[in-house]
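Here's the structure, in structure tokens; my notes come after.
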Amino acid sequence: MSWFKRKTKGITTTTEEKKDTPKGLWYKTPTGKIVDTEELARNFYVSPEDGYHVRIGSKEYFEILFDDNKFKELDANLESKDPLKFEDTKKYPERLKAAQEKTKLKDAVRTAVGKSKGRDLVVACMDFSFIGGSMGSVVGEKIARAADYSLKNNVPLMIISKSGGARMMEAALSLMQLAKTSVKLAQLADAKIPYISLCTDPTTGGTTASFAMLGDINISEPGALIGFAGPRVVKDTTGQDLPEGFQTSEFLLEHGFLDFITLRKELKNKVNQYLDLILNMPIRA
Amino acid sequence: MEYLEFELPIKELEEQLLKCKVIGEESEVDVTETCSQIEKKLANAQKDIYKNLTPWQRVQLSRHPNRPYTLDYIKAICGDTFLELHGDRNVKDDKAMVGGLGKIGDQTFMFIGQQKGYNTKTRQYRNFGMANPEGYRKALRLMKSAEKFGIPVVTLIDTPGAYPGLEAEERGQGEAIARNILEMARLQVPIITIVIGEGASGGALGIGVGDKVLMLENAWYSVISPENCSSILWRSWEYKEQAAEALKLTASDAKKIKVVDDIIKEPLGGAHRDREKTFATVSSTIVKTYEALKNLSPKDLVSKRMDKYENMGVFKG
């Protein structure tokens, strides 16, 4: 007698219907759900199993926001220098080089202009994979220039934050990028050009203390970490246990620092809906 | 007077000098020669130590327990004319951020700055100079009020950072600082900023956007404290001296990279060694700086300020 008994006779899946095992590319969400990466991409990089919004970069956000993924990248060639000759366990230029090789990016932000639902939109999107999305001179300058493009051409600006904060290797110069980017946003505000801040997972430190919190609307995705001090620092400083959901986008919405949270698949619609409303234009389908 | 570890040779000589003088007075023996020799040695030791301070030693000086704090400056500079103002009109009055109106000569200024305590009790009361969001909002309220009446603003920076607390996060520490930076960028009156002690990160910049940003000789200004930098980049608290070095946080370095416009000299050994002299220097510097700004139209003032910050940063391409 066999150990197992086949209940139904034969294998019912025909060869044509047989699912191909993909090319070894699976994504595991924090709750442990396994998702096929192609399916993930089709679903705006949100796990269909549990709604988890996977951390993505500029490439994916541009794809989501710009019509047919068509856009013109701005100032693509700006690169960091090492003005302070910074060295910790590694020299800063070596860190930069390693990050560039790993990510194929020049620095932690990419800026672009393109059509979103048929109308121009400037998007500056940070890449967390590049030294933790940290803001140094290049990030500040690219965002400033993106804002300049908005000013000159009267095009709304959207900044997608995803950053651990200011880049330590450029020290005080990084800190000054908070002021530099805020100066530009002040000019944008004076010119009455809408600025949308999308805070994504994670948005902390100097980014939160500058452009991420200065949008005409500040919005976010579900479950993103947003804060000034990181949760570990808060816990260590205060000795208090942190409440559940502390510094999540839901927490910030509840405390009045976000206008709304949007699912990624609705992001493009929501952003353009806001722009149509605030600019008193007909709502695009 | 309290002494830092690297100041101990000075302490020893000062004690010897005092003893020598006492012996002279009590025994009526002529010790002039001995005393003057000790004085000479002391002067040499001071020069030796204070002229060659490492960045980490300057950080220690900036935190010296006898160093003057914001209210010491304001009260010394404005005397009885100073009127402290309180509250952010939303939540509470942040004791780590002080402000108010005062005169230097005939001119009224709005003074704003972080305040530290001078003993355990007042340190706690002042939250170690770490402001909460309501502190930054109080600062902004005072700045807007100054703007309304055409009063120039002077901010004094002395903070180990904005407070990283639970409630601070709930009330939007990041937003409060960001808002201040943006509003200071376009404030229609002159802003003079002086880093008098510690200038740590966003907590400092939250009141630190100015037409002229000045820095006391032994103050430090950077994106993070050397201790925290050490713990993040070296994953240990042990590398604070290297971190202080790497961060280029001293006044002369900050001037080199144009983060500050000028350095204010301190008495030999630090601001606390001759407080009156320090107050006088700061007061005259404020007057002089204001003289150069007061005739600019608000429009020119703001556009110059914006240009200054737009040009900050070093990159290629």
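Below, read A as the first sequence line, B as the second, and so on, with proteins coming before strands; counting in each chain starts at 1. Note that the structure is predicted; figures quoted are calculated from it, not measured.
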Over 12 foreign heavy atoms within 6.0 Å of [atom1], [X]:
{"X": "A/E79", "atom1": "CD", "result": "yes"}
{"X": "B/K308", "atom1": "NZ", "result": "yes"}
{"X": "A/E87", "atom1": "CD", "result": "yes"}
{"X": "A/K235", "atom1": "NZ", "result": "no"}
{"X": "B/K144", "atom1": "NZ", "result": "yes"}
{"X": "B/R123", "atom1": "CZ", "result": "yes"}
{"X": "B/K95", "atom1": "NZ", "result": "yes"}

Under a 4.5 Å heavy-atom cut-off, does chain B meet the side chain of [X], its backbone, both or neither?
{"X": "A/R145", "answer": "side chain"}
{"X": "A/F251", "answer": "side chain"}
{"X": "A/F246", "answer": "side chain"}
{"X": "A/A144", "answer": "neither"}

Looking only at heavy atoms and a cut-off of under 4.5 Å, which of [options] has the most pairs with chain A?
{"options": "B/G161, B/P164, B/G317", "result": "B/P164"}
{"options": "B/C229, B/G202, B/G172, B/A162", "result": "B/G172"}
{"options": "B/N228, B/I232, B/L205", "result": "B/L205"}

Checklist entry - Do any N or O atoms from the side chain of B/E169 and from the backbone of A/A229 form a donor-acceptor pair under 3.5 angstrom? => result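 Answer holds: yes.
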
Next on the checklist: Between A/S137 and B/G313 (side chain of the first, backbone of the second, donor and acceptor by atom type, cut-off under 3.5 Å), is there such a pair?
Outcome noted: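 Absent.
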
Heavy-atom cut-off 4.5 Å, strictly under: side chain, backbone, both or neither for [X] against chain A?
{"X": "B/Q242", "answer": "neither"}
{"X": "B/L233", "answer": "both"}
{"X": "B/R305", "answer": "neither"}

Would you compute the distance between atom [atom1] of [X] and atom [atom2] of [Y] and round it to the nearest 0.5 angstrom?
{"X": "A/K180", "Y": "B/N311", "atom1": "NZ", "atom2": "CG", "result": "7.0 Å"}
{"X": "A/E141", "Y": "B/M312", "atom1": "CD", "atom2": "CE", "result": "13.0 Å"}
{"X": "A/S174", "Y": "B/I224", "atom1": "OG", "atom2": "CD1", "result": "11.0 Å"}
{"X": "B/F315", "Y": "A/N77", "atom1": "CZ", "atom2": "CG", "result": "13.0 Å"}
{"X": "A/Q247", "Y": "B/E170", "atom1": "CD", "atom2": "CD", "result": "10.0 Å"}
{"X": "A/F257", "Y": "B/Q173", "atom1": "CZ", "atom2": "CD", "result": "10.0 Å"}

Mind ranking [options] by heavy-atom pairs under 4.5 Å with chain B and telling me who comes out on top?
{"options": "A/G256, A/S182, A/G140, A/P243", "result": "A/S182"}
{"options": "A/K85, A/K90, A/M169, A/K184", "result": "A/K184"}
{"options": "A/N218, A/I226, A/D107, A/T237", "result": "A/T237"}
{"options": "A/R167, A/K106, A/Q187", "result": "A/Q187"}
{"options": "A/A186, A/G136, A/G206, A/G165", "result": "A/A186"}

Looking only at heavy atoms, which two atoms of [X] and [Y] are closest? And how far apart?
{"X": "B/Y221", "Y": "A/M176", "value": "OH-CE, 3.5 Å"}
{"X": "A/D88", "Y": "B/W234", "value": "CA-CZ2, 3.3 Å"}
{"X": "A/A172", "Y": "B/V259", "value": "CB-CG2, 3.9 Å"}
{"X": "B/L166", "Y": "A/T238", "value": "N-CG2, 4.1 Å"}

Validation: residues 178-189 of chain B side-chain donor-acceptor distances under 3.5 Å, sequence neighbours left out:
{"unit_1": "B/R179", "atom_1": "NE", "unit_2": "B/E175", "atom_2": "OE2", "d": "3.1"}
{"unit_1": "B/R179", "atom_1": "NH2", "unit_2": "B/E175", "atom_2": "OE2", "d": "3.2"}
{"unit_1": "B/N180", "atom_1": "ND2", "unit_2": "B/Y136", "atom_2": "O", "d": "2.9"}
{"unit_1": "B/N180", "atom_1": "ND2", "unit_2": "B/G206", "atom_2": "O", "d": "3.0"}
{"unit_1": "B/E183", "atom_1": "OE1", "unit_2": "B/R186", "atom_2": "NE", "d": "3.4"}
{"unit_1": "B/E183", "atom_1": "OE2", "unit_2": "B/R186", "atom_2": "NH2", "d": "3.1"}
{"unit_1": "B/R186", "atom_1": "NH1", "unit_2": "A/D190", "atom_2": "OD1", "d": "2.9"}
{"unit_1": "B/Q188", "atom_1": "NE2", "unit_2": "B/R186", "atom_2": "O", "d": "3.2"}

Item to check | From CA spacing to verdict: side-chain contact (heavy atoms from CB on, under 4.5 Å), B/Y239, A/T89 | outcome: CA-CA 10 Å; B/Y239 295 85; A/T89 53; over 6 Å; no

Item to check | Interface residues of residues 243-252 of chain B facing chain A - heavy atom cut-off under 4.5 Å | outcome: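 B/A246, B/L247, B/K248, listed by number.
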
